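Residue numbering restarts at 1 for every chain, and letters A, B, ... go by the order of the sequence lines. For the numbers below, each heavy atom of this structure counts, side chains included, while hydrogens, waters and symmetry mates do not. Fair warning: this is a prediction, and the values are worked out from it, not measured in the lab.
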Protein chains: 2
Amino acid sequence: MGRPKTWDRSEVLRRATRLFWEKGFEGTHLQELVRVAGINRFALYKEFGGKEGLFEESLRNYMKDMEVLTSLLAREPLGLANIRAMFRATDAYDFHHGCFVLNTVREKHVVGAGAWSATRKFVEGGEAAFRRNVEAAVVRGELPPATDAEGLARFLVALDIGLITYGVAAPEGTDRGRALEVLDRFLDGLSGGRR
Amino acid sequence: MGRPKTWDRSEVLRRATRLFWEKGFEGTHLQELVRVAGINRFALYKEFGGKEGLFEESLRNYMKDMEVLTSLLAREPLGLANIRAMFRATDAYDFHHGCFVLNTVREKHVVGAGAWSATRKFVEGGEAAFRRNVEAAVVRGELPPATDAEGLARFLVALDIGLITYGVAAPEGTDRGRALEVLDRFLDGLSGGRR
DNA sequence: CTTTTTTCTGAACGATTGTTCTAAAAAAGC
DNA sequence: GCTTTTTTAGAACAATCGTTCAGAAAAAAG
């Protein structure tokens with residue numbers, strides 16, 4: 001009963017995510033938001049609790065989408081192959097507007113506490129996932145026993161983050177493939193003919 | 001003759017740079033800007049041409065400051081030692097608010113064309129500087145002749161960018177030193193006992 | 001049809017944005 | 001003292017921000 005809604009919740013979320021991803025929290029204005037997302041102001045406040053509520057839900061929606069990538073680090077058996085797959089997939093993914101999570105980190109002075117702690121957990125989770133694969137690689141003999149798992153994990157996270165960010169800052173169409181080959185040879189070198 | 005100014009140009013620029021660096025172009029409001037920078041609105045428009053003018057000059061001021069780092073890649077003789085020094089210095093520098101240039105890249109939808117092209121040139125310049133040192137390292141025998149200089153240069157730029165960005169996103173006080181040691185061993189591995 | 005319920009449209013709200021402008025203030029020259 | 005010149009402080013500006021709300025609109029129930 002009652003007048004039917006003219007919008008679909010998941011579709012609104014999808015479009016809002018894209019917009020916040022591109023322009024950030026402050027850079028996204030309500031006028032454009034309601035136009036692009038296809039929802040009216042009234043419903044936006046009733047359904048999402050305003051701009052900040054929609055932003056936070058968009059951020060979590062983005063993190064869910066990222067499971068396409070992060071799940072690659074959870075595949076059994078853990079090891080070097082997962083790490084290689086992760087970098088290849090990251091390179092193939094469309095990060096034209098950078099990483100939404102990292103972008104949000106840079107707006108900590110303006111986004112709510114919920115969004116801020118979510119970004120923190122996301123980054124920590126990424127580092128932990130890398131570390132688990134490094135540790136497994138050591139156990140499986142793909143990496144030498146003396147490997148500093150935490151140091152290597154941080155190195156890999158930083159590189160992953162850097163490749164994404166570099167893709168935005170570098171001239172359009174710059175090929176990251178050759179940088180990835182360097183990484184591959186690096187991992188080859190670490191395993192040192194073990195496998 | 002006339003009433004004396006109550007502000008110093010370079011000091012205003014220094015403080016504006018810090019503020020824009022931290023909060024970005026959109027996130028920095030005139031009210032706070034004039035208060036922190038110690039200049040009045042009228043003079044800000046007469047001297048810098050408004051918010052956008054001051055922003056662009058702040059960005060260039062930041063790039064000048066970065067010469068403390070970028071000059072490390074120009075030291076003769078070019079080679080691996082420069083690259084190692086660059087990463088050590090980057091790690092030691094205070095990038096608590098990330099890199100101003102990279103932050104600006106993420107605001108391309110709102111900053112002027114001048115600022116935008118300046119960021120592009122800065123990143124390209126960084127990559128070129130890395131590449132020159134890689135090429136020199138090959139000539140000097142520090143790296144094998146088959147080295148893909150451009151690929152390695154991109155790899156290093158991405159890593160450098162990533163370490164800065166990771167430092168902002170990771171929990172406060174996270175030690176990047178061990179990630180740097182991984183890089184050092186990586187470079188050792190590349191040179192393969194040549195030097 | 002009328003009533004009820006829910007949503008939509010569009011206007012209005014106060015607050016804040018970047019910018020402009022006016023009048024007072026502070027120096028120097030005479 | 002009185003001008004002249006330059007800068008300052010702060011008001012005023014239109015525009016826009018995020019938010020709220022009242023009335024019209026669109027469905028279902030009786």
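- The nearest whole Å value for the distance from the CG atom in Leu30(B) to the P atom in dT19(C) is 6 Å.
- The residues Glu135(A) and Arg132(A) are annotated as not salt-bridged, no charged nitrogen and carboxylate oxygen being separated by less than 4.0 angstrom.
- At whole-Å resolution of the value, CZ in Arg3(B) and P in dG29(C) are 18 Å apart.
- Contact check, Lys46(A) against dT7(C): a side-chain N or O comes under 4.0 Å of OP1 or OP2.
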- Message: If you apply the rule side-chain contact (heavy atoms from CB on, under 4.5 Å), what do you find for Trp21(A) with Ser58(A), and how did you get there?
- Response: CA-CA 9 Å; Trp21(A) 185 0; Ser58(A) 295; over 6 Å; no
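- Comparing Ile39(A) and Gly50(B), the nucleotide of DNA chain C nearest to each residue sits closer to the 5' end for Ile39(A).
- Both Glu52(A) and Ala43(B) lie near DNA chain D, and the one whose nearest nucleotide falls closer to the 5' end is Ala43(B).
- Within 6.0 Å of the CZ atom in Arg9(A), the count of heavy atoms belonging to other residues, nucleotides or ligands exceeds 12.
- Protein chain B contacts DNA chain D from dT5(D) to dA9(D), reading 5' to 3' and using non-hydrogen atoms of the protein with a distance under 4.0 Å.
- Taking only side-chain nitrogens and oxygens, Trp7(A) comes nearer than 4.0 Å to OP1 or OP2 of dC8(C).
- In this structure, Lys121(A) does not pair ionically with Glu124(A), as no charged nitrogen and carboxylate oxygen lie closer than 4.0 Å.
- Distances shorter than 4.0 Å separate some side-chain N or O of Gln31(B) from OP1 or OP2 on dT17(C).
- Along DNA chain D, the nucleotide nearest Asn40(B) and the nucleotide nearest Gly2(B) are compared for position; the residue whose nucleotide lies closer to the 5' end is Gly2(B).
- Counting to the nearest Å, the P atom of dT9(C) and the CG atom of Leu44(A) are 13 Å from each other.
- In a base pair of the Watson-Crick type (N1 to N3 plus N6-O4 or O6-N4) or a G-U wobble (N1-O2 and O6-N3), with each distance short of 3.5 Å, dG30(D) is matched with dC1(C).
- Mapping Lys51(B) and Arg41(A) onto DNA chain C via the closest heavy atom, the residue that lands nearer the 5' end is Arg41(A).
- Using cut-offs of 30° and 60° for the angle between ring planes, the Phe55(B) and Phe20(B) rings count as perpendicular.
- Nearest to the side chain of Phe42(B), among dT22(C), dC8(C), dG18(C), sits dT22(C).
- For the pair Leu190(B)/Thr147(B), no side-chain contact is recorded, criterion being any heavy-atom separation below 4.5 Å from C-beta on.
- Distance, Lys5(A) NZ to dC8(C) C1': 13 Å, rounded to whole Å.
- The residues Arg18(A) and Glu22(A) are annotated as not salt-bridged, no charged nitrogen and carboxylate oxygen being separated by less than 4.0 angstrom.
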